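Since we're looking at a predicted model, the values are computed, not measured. Just so we're on the same page: letters track the sequence lines, and every chain starts at 1.
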Amino acid sequence: MENIDLLYHARGESKFIDDLRLPSDALYAAIFYSSTGHGRILSLDLRDALLMPGVKAILTSKDIPGENQIGGVIADETLLAEDEVHYAGQPIALVVAESPECARKAVKKIKVLFDELPVVLDPREAFRKGSFIIPPRIFSMGNTSLAWDNCLVIVEGRAETGAQEHLYLETQGSVAYPTDSGSLKVTSSTQAPTAVQRAVSRVTGLPMNKIEVEASRLGGGFGGKEDQANSFAAMAALSALKLNRPVKLVLSRQEDLRITGKRHPYSSDFKLGLDSEGRILAYEVTFYQNAGASADLSPAILDRTLFHCTNSYFVPNVKATAYSLRTNLPPMTAFRGFGAPQGMFAIESAIFKAAEKMGVEPSYLQEKNLLKEGDAFPYGQSAEGCRAKESWLAALETFETGEIKNRIEKFNRENQFFKKGFAFMPICFGISFTNASMNQAGALVHIYSDGSIGISTAAVEMGQGVNMKLRQIASAIFQVSLDKIKIEPANTTRVANTSPTAASAAADLNGKALEKACNELLERLLNAAALKLKTEDKPVIINEEILLKEEKTGLKWEDLVKMAFDERMDLTSHAHHITPGIYFDKLLNQGRPFNYHVYGTGVVEVTLDCLRGTYTVDSLKAIHDSGKPLNPLIDRGQAEGAAIQGLGWLTMEEIAYASKGPLLSDSLSAYKVPDVYFSPGELDIRFLKASDNPRGIFNSKAIGEPPFMYAIGVFFALYNAIKEFRPEVRMDFTAPLTNERLLLALYSKEKNTVTA
Amino acid sequence: MSKDSKKGGISRRKFLQGVGSGIIGSYVLTPGIAKAAEALKKNSEKLILSVPLTLKVNGKQAHLLVEPRTTLAEVLREKLGLTGTKVACNNGECGGCTVLLDKKAVYSCHILALDAEGKEVTTIEGIMKGENLHPIQQAFIDHDGLQCGFCTPGQVMAAEALLLKNPKPTRQDVLEGMSGNVCRCAAYPNIIESVLAAAEKAGSETAELK
Ligand code: FES
Ligand code: FES
């Protein structure tokens, strides 16, 4: 059996947080949260709740022994509200009881009175009020004001993208156990064990060495458990510490939907200028990021929007301004793509509008402006190993896009009420945490005396197959079979001070650290072998056999390990890796933030039912540059999953908040995500041949996020289909393009606006 | 809700408070609800009380005492320790908790444990053939029909129900049969492949036997 995780998942034997067997004295916590978007707490009445049999304690901000603060980037987020609430869903108190049902019933008995304050949900309104999370960020290159004069065509417009719920199928959760000597062990459904450890330490006042955090596996994360797992782990830890009993806190789906943040909604203004041949000369864009009530990871996400605001195009004159705005929504957070999709959507909208004005196809402009080797990005780095054009041409050829076009034209001539549309979507995505200090990782490798191997890193398995990739790396280096290698859960006592499993970089960073640790051990073992074989030559291991000058020595892996053990050799190795050569000056906004870029070209085809405003995504095809994929099966699954999630974001996934702030789309019947029917009829993602990546582990490239953005093509494919039915329409660039918006675009009286 | 449920003088509203939100919106008087109502009649003051229940799960009998409002999913996970069945929404909207009830797929979060009495319950833990994987499990692994694995037990059970009813499904049948199961990792293309492959394999094996 190759991929052990798959085996245990398929048998239903993998244990997620809610599956853990707890000691009989365990207690259960539930959260009492705000029902209003903004208000002063006038009174909090806990009496009835406390009187309920089974309730052990109700904790509020006053019970926090350390700091009531979980803001990792900016200290602007309390664990439990003090005298004001800033969003509906904000935790106010924690009920700890003998059963989860009892805790939830008691939550319902808590009474709170608010003095309601004005609620701001819109980032532009927050901008007018000056509610900034951080000072504005500006990336620029060349001089846009001078460039406009040289432009033949200039278009301006607005692009809007909505929030997106992560909907990891496993909700947020944590179990905290008091251990001896006043310490805590915390298991958490987190992408970032060290971040949890830090948050728990801050809240409890315990030093980090008294807090052990473990994350075995997640039932999906997608960024939603990068920062936001911290608070739930801190709540479980606080309760465990206070009551000196194990405490479990697992959110119900509705709680998770209401309390946690989502992908940031953005509203953007763009201005794009081109010359007569369609070359982009200048691009100005202003992003209004709806950050919610506190910073969370918004500043880093804002930066990534700027990094990717020109997608895979070369633009000589750029001025990109970004505002992160405080509103009365739950703190928005990381989600696959981390701000890049919002940035790319804006420039694609601008290009679409320019093509409309010039009477050419958007793909003409897209192709014309693709990055070439050595072209500069607006942040000081230049394109190296650029595969923008290569993947574009490969897509044209592989998918016979000329044929697609002809077929679609024929279909559209022959059908009155069904129209097809298609669109290209090139992507370029930088790999590395843009906060340079986060680009580090550690790996701890034990070879046990029986020859089996245990590996610890900070990579958290959440479906992206990182465990399998790590096993492949160790297996290739030691030349032992995969079944000898086990990946341990990420645990802060084994590998400390780690970065989250995020930025698509877990396999890259942890894999490199692992490579180093394995090579050190291998070196030791081979030296021992040489000694034993009394040779100056270096033996090698092939398939668990020790060879000398290509001859078998009769020594096997197990013999070698046993021998090394008897020789009292250290069979454990720890290694640390940092990504070399990356830096970024946050004042000048110049540097080399990325280790490398991932490129690719997607092609999306849709059929629109022009009577009903419904549609099918007939196909999503892409040529994707994944270097030499470490595991093509896993990488294809990641690419497909990302693309489908992206399709959801652009079409059906619509988050709605009531005017006072509470989430309206708080169940799966109100918030629809792609199901098996929605999956494109044909999903064909192929890896660019003859690609490599000397900067990646074993020449591979990161895979988790980039393919998400192929889905942006679906918006423009649908727009094209609408125009086949109603050529004069000029639609807003507002995503998600729901059936409702589609119908309006097809039939609304005004031809210029269809904002639903 | 029919008038029967008012027998013990328990209004529907009051009764539903007792049985929890799991059945709100359900207007069918199931035997489970009737039994719960009967039990309540004897003790209308105290809404929370346990009633005996015998369940047959994965071929084994279990004698239990449960509160009437308990869902099948809760009994499986909490009383029987069968945590392979995942609860992702607890609201009949995602399919994570899919199990077989007399060979038909049901959302176990959305049915009362009392309503499973006298029926055959099969969970992910019960479909292995001894030490061997069920062909559907094997097909999911071979075709990478899963990523994080949280939806997988539900997917496998939905596929099992589909293939029991329709051993030779078309692609369209698969879409229909699996459409009640959300996979947020969106492993859908491979899920479809997995189910089709499992069907094909089973088909060729029966052909060999003949
Ligand atoms: S958990 Fe039962 S359907 Fe979602
Ligand atoms: S595999 Fe993650 S939800 Fe389906």
Identify which part of B:E176 has an atom lying under 4.5 Å from any heavy atom of chain A, answering side chain, backbone, both or neither.
both
So which of A:G220, A:G221, A:S667 has the biggest tally of heavy-atom pairs under 4.5 Å with chain B?
A:S667
Could you have a look at A:Q464, A:Q638, A:Q254 and say which one has the most heavy-atom pairs with chain B under 4.5 angstrom?
A:Q638
Tell me, side chain or backbone of B:M178 under 4.5 Å from chain A's heavy atoms, or both, or neither?
both
So which heavy atom on B:C151 is nearest to which on B:V182, and how close?
CB-O, 3.4 Å
Name the option with the most non-hydrogen atom pairs under 4.5 Å to chain B; the candidates are A:F678, A:F16, A:Y8, A:Y168.
A:F16
May I ask you to name which of B:L175, B:T152, B:I124 has the most heavy-atom pairs under 4.5 Å with chain A?
B:L175
Calculate, to the nearest 0.5 Å, the distance between atoms NZ and CG belonging to B:K79 and B:L65 respectively.
7.0 Å
Any side-chain donor-acceptor pair under 3.5 Å between B:E67 and B:T70?
no
Most contact-rich option vs chain A, by heavy-atom pairs under 4.5 angstrom, among B:A187, B:G84, B:G149, is B:G149
Between B:G81, B:C89, B:C94, which residue shows the highest count of heavy-atom pairs closer than 4.5 Å to chain A?
B:C89
Between A:F708 and A:W649 (judged by ring centroids, cut-off 6.0 Å), do the two rings come close enough to count as a pair?
yes
Between atom OG1 of B:T123 and atom CG of B:L101, what is the distance when rounded to the nearest 0.5 Å?
12.0 Å
Non-hydrogen atoms of chain B under 4.5 Å away: do they reach the side chain of A:E170, the backbone, both or neither?
both
Using heavy-atom distances under 4.5 Å, tell me whether A:R11 contacts chain B through its side chain, its backbone, both, or neither.
both
Under 4.5 Å to a heavy atom of chain B? For A:L683 that would be side chain
Heavy-atom closest contact (B:R77 atom, B:T85 atom, distance)
NH1-O, 2.9 Å
Residue A:E165 versus chain B: region with a heavy atom under 4.5 Å:
backbone
Segment of A:S669 engaging chain B (4.5 angstrom heavy-atom cut-off):
both
Turns out that what part of A:D256 lies under 4.5 Å from chain B's heavy atoms comes down to neither
Any donor-acceptor pair under 3.5 Å linking the side chain of A:T501 with the backbone of A:V460?
yes
Whatever's closer than 4.5 Å to a heavy atom in chain A on B:I191 counts as neither
Just by distance, do the side chain of A:D666 and the backbone of A:R258 share a donor-acceptor pair under 3.5 Å?
no
So, for B:C109 and B:T71, which heavy atoms are closest and what is the spacing to 0.1 Å?
O-CG2, 3.5 Å
For B:I136, does its backbone N or O pair with a side-chain atom of B:H134 as donor and acceptor, under 3.5 Å?
yes
